[in-house]
Amino acid sequence: MPELPEVETVRRGLEPCLAGARLARVEARRPDLRFPLPHKFAARLTGARIERLDRRGKYLVAPLSTGETLIMHLGMTGRFQVEGGEVRRRPGAFVQAAAADARHAHLVFETDAGALITYFDPRRFGFMDLVSGDAQVTYPTFLAMGPEPLGNQFHGPHLLEAFEGRRQAVKTLLLDQTIVAGLGNIYVCEALHRARIAPSAPAGHIALIRLERLASAVRGVLDAAIEAGGSSLRDYADASGAMGYFQHEFRVYGREGEGCPTPGCKGRVRREVHSGRSTFFCATCQR
DNA sequence: CCCACGACCTGTGGGC
DNA sequence: TGCCCACAGGTCGTGG
């Protein structure tokens, strides 16, 4: 799924055609994604103006002129395709993603400017919600969520406090959205490698100086990934169909057996499966 | 509290 | 070429 950099890339791709636009037509082509769509979903959206397109962790958040807020999560395979309207594409940056399968075109949004935004999600792990008021300060999921990793509330001391007394593997806790928002399997592996911390290290035993390094590594890898337009794995593409290219800059993810990229390190990238999820790391330089 | 695992759902890639 | 299995970015719930 899209982790934070991919969701941010999608947000930036959708913002020009959604923010400030009025939804002239909304079509739900099935009653549910991961969960049932909100009651009268299409009717409540039709005619509303989208005031902004924000992001919180891996969620897209769209406050509406009706006083409600549209909340969207892309799950593992959710993506938007934009056609028509005032879609801007950077010259040379456009690579057509694999043709989207119409069977998985679950939602269609049409703006008053004529942009057609289609939500595809083959696995349907994505979901949408529509709630009253300012979700950023009322939606329970957001209230429980940890700080934005690119914001100024995320730093070594935050991790020290969040990890205090906890013996779970640091990798597990970094995936916990209530500790820090937006990280997923890929960027956790990449950040731990950059910080030279073993994924299995008991979180509560890591010294502050190493947690400072970890926080910096998280910011560094997310910044670089956003700069690259996110990562394109399998069928993921940004809102205009352009492919991100950060996957070519992964240092460990998907690189089992390759030499460790840390300068001077003679180790090899290993892959281990814990709780059904792959962890990629170098046992030589990550301690 | 911790942890492993299964469930949700579909597609794809690799091995044979 | 065809088949089958392992595996995939996330989250949630259960049971030990």
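Numbered from 1 within each chain, the chains take letters A, B, ... in sequence-line order. A quick note: this is a predicted structure, and the numbers were derived from the prediction, not measured.
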**Item:** Nearest-nucleotide comparison on DNA chain C, the residue closer to the 5′ end among A/Tyr59 and A/Val273
**Value:** A/Val273
**Message:** In this structure, how many angstroms lie between the P atom of B/dC2 and the NZ atom of A/Lys171, rounded?
**Reply:** 18 Å
**Message:** With heavy-atom distances below 4.5 Å as the criterion, would you say the side chains of A/Leu45 and A/Thr66 are in contact?
**Reply:** no
**Asked** Can you find a side chain N or O atom of A/Ser278 that sits less than 4.0 Å from OP1 or OP2 on C/dA8?
**Response** yes
**Prompt:** For A/Glu258, which residues count as a salt bridge (Lys or Arg N to Asp or Glu O under 4.0 Å) partner, sequence neighbours excluded?
**Reply:** A/Arg255
**salt bridge (Lys or Arg N to Asp or Glu O under 4.0 Å) partners of residues 271-287 of chain A, not counting sequence neighbours, each pair once** = A/Arg270-A/Glu272
Atom pairs, protein N/O to nucleotides 8-10 of chain B N/O, distance under 3.5 Å:
residue	atom	partner	partner atom	Å
B/dC9	O4'	A/Arg123	O	3.4
B/dC9	O3'	A/Arg124	NH2	3.4
B/dC9	O2	A/Arg123	NE	2.8
B/dC9	N3	A/Arg123	NH2	3.3
B/dT10	OP1	A/Arg124	NH1	3.2
B/dT10	O3'	A/His104	NE2	3.4

**Fill in**
With the side chain defined as heavy atoms from C-beta on, A/Arg271 is closest, among B/dC2, C/dT11, C/dC7, to C/dC7
**Prompt:** Rounded to whole angstroms, how far apart are OH on A/Tyr253 and C1' on C/dC7?
**Reply:** 9 Å
Would you list the atom pairs, donor with acceptor, under 3.5 Å between side chains in residues 156-166 of chain A and any protein atom, with sequence neighbours excluded?
residue	atom	partner	partner atom	Å
A/His158	NE2	A/Ile179	O	2.7
A/Arg166	NH2	A/Gln168	OE1	3.0

Show me the donor-acceptor pairs, under 3.5 Å and distance only, between side chains in residues 127-135 of chain A and residues at least two apart or in other chains.
residue	atom	partner	partner atom	Å
A/Asp129	OD2	A/Tyr139	OH	2.8
A/Asp134	OD1	A/Gln136	N	3.1

**Asked** side-chain hydrogen bond (donor to acceptor under 3.5 Å, both in side chains): which pairs involve residues 116-128 of chain A, sequence neighbours left out?
**Response** A/Thr77-A/Asp121, A/Tyr119-A/Asp121
**Request:** Could you work out the separation of C/dC3 and B/dC9 based on their P atoms and round it to a whole Å?
**Result:** 25 Å
**Request:** May I have the distance from A/Asn185 (atom CG) to C/dT11 (atom C1'), rounded to whole angstrom?
**Result:** 13 Å
**Request:** Start with the C-alpha distance between A/Arg194 and A/Glu190, add both sets of side-chain angles, then the distance that settles salt bridge (Lys or Arg N to Asp or Glu O under 4.0 Å), and finish with yes or no.
**Result:** CA-CA 6 Å; A/Arg194 287 177 178 224; A/Glu190 293 294 309; 5.1 Å; no
**Message:** Taking only side-chain N and O atoms of A/Gln177, does any of them lie within less than 4.0 angstrom of OP1 or OP2 on C/dT11?
**Reply:** yes
**Request:** Return the set of residues passing salt bridge (Lys or Arg N to Asp or Glu O under 4.0 Å) with A/Arg22 (not counting sequence neighbours), or none when no residue passes.
**Result:** none
**Asked** For A/His274 and B/dA4, is the shortest distance between a side-chain N/O and OP1 or OP2 below 4.0 Å?
**Response** no
**Message:** List the residues meeting salt bridge (Lys or Arg N to Asp or Glu O under 4.0 Å) with A/Glu148, not counting sequence neighbours, and say none if there are none.
**Reply:** A/Arg55, A/Arg56
**Request:** Please work out which residues in residues 130-145 of chain A have a non-hydrogen atom less than 4.0 Å from an atom of DNA chain C and list them by number.
**Result:** none
**Message:** Tell me every residue that passes ring pair (Phe, Tyr, Trp, His ring centres under 6.0 Å) with A/Phe281, counting only those two or more places apart in sequence or in another chain.
**Reply:** none
**Fill in**
Here the helical stems involving DNA chain C, each at least 3 consecutive Watson-Crick or G-U pairs closer than 3.5 Å, sorted by first residue number, are B:2-8 with C:10-16, B:10-16 with C:2-8
**Request:** Under the salt bridge (Lys or Arg N to Asp or Glu O under 4.0 Å) rule, collect the residues that match up with A/Asp54, sequence neighbours excluded.
**Result:** A/Arg52
